[in-house]
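One structure below.
Letters A, B, ... are given to chains in the order of the sequence lines, protein chains preceding strands, and every chain is numbered from 1.
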Amino acid sequence: NAGVTQTPKFQVLKTGQSMTLQCAQDMNHEYMSWYRQDPGMGLRLIHYSVGAGITDQGEVPNGYNVSRSTTEDFPLRLLSAAPSQTSVYFCASSSAGVVTDTQYFGPGTRLTVL
Amino acid sequence: AQSVTQLDSHVSVSEGTPVLLRCNYSSSYSPSLFWYVQHPNKGLQLLLKYTSAATLVKGINGFEAEFKKSETSFHLTKPSAHMSDAAEYFCVVISNDYKLSFGAGTTVTVRA
């Protein structure tokens with residue numbers, strides 16, 4: 001099992017550009033989520049999905065879109081990048097059967113917006 | 001709603017001495033609590049979790065945490081720090097709809 005994979009690992013964008021951060025998992029997990037990590041703020045939930053075709057907003061959803069067409073993939077889209085979106089982004093997944101199941105995190109994408 | 005407060009942003013210990021990372025939580029129901037560790041430039045790894053079973057939870061790498069409902073705390077300890085324990089640690093509470101709330105993190109430095 002590859003677990004949770006994220007691409008790219010690093011990305012630099014100019015203000016106003018768009019891009020998609022990719023996330024995939026091969027554990028057949030129903031629940032997937034995106035977080036951003038900023039110094040001194042822990043991880044904050046951007047969007048999450050409890051299954052294919054179902055998504056919902058987290059704590060900081062503005063400026064980001066998601067979709068979930070398959071169980072395996074959960075891409076995060078930045079429509080018009082802003083410097084405030086400079087951050088490290090983590091994707092996570094878990095089985096939706098039990099709320100206390102372990103969340104598995106990807107290695108992260110480090111995004112810089114100039 | 002739930003929230004987590006990690007009481008120390010930075011903890012420095014000598015190798016071989018005990019480590020204590022403090023976490024207080026707020027939750028309107030019986031919570032599930034986790035500790036995750038993040039080594040530099042790495043993803044997050046689960047250390048241990050409390051799921052309403054035993055209040056003293058043992059995790060990986062010699063870490064353990066005790067859930068104290070009366071104090072709304074879930075402090076993480078290790079009897080003897082190792083250089084490899086230098087990392088950032090996050091206390092996390094999870095809601096019934098799978099939303100995780102993270103503390104701000106505690107950075108651990110281990111002195112030789």
Stepwise side chain to side chain contact (heavy atoms under 4.5 Å, CB included) check, A:V66 with A:R68: CA-CA 7 Å; A:V66 293; A:R68 184 93 179 272; over 6 Å; no
Residues of residues 106-114 of chain A contacting chain B, heavy-atom criterion under 4.5 Å, by residue number: A:G106, A:P107, A:R110
Distance-only donor-acceptor hits, side chain of residues 16-24 of chain A, under 3.5 Å, sequence neighbours excluded:
| unit_1 | atom_1 | unit_2 | atom_2 | d |
| --- | --- | --- | --- | --- |
| A:Q17 | OE1 | A:K14 | N | 2.7 |

OH on B:Y89 to CG on B:L21, rounded to 0.5 Å: 7.0 Å
Do side-chain atoms of [X] reach the backbone of [Y] as a donor and acceptor pair under 3.5 angstrom?
| X | Y | value |
| --- | --- | --- |
| A:D73 | A:T70 | no |
| A:Q37 | A:G42 | no |
| B:H39 | B:S84 | yes |

Of the backbone (N, CA, C, O) and the side chain (C-beta and beyond), which part of [X] lies under 4.5 Å from a heavy atom of chain A, both, or neither?
| X | value |
| --- | --- |
| B:Q38 | side chain |
| B:E88 | side chain |
| B:L44 | both |

NZ/NE/NH1/NH2 to OD/OE distance under 4.0 Å, A:R44 and A:E59: no
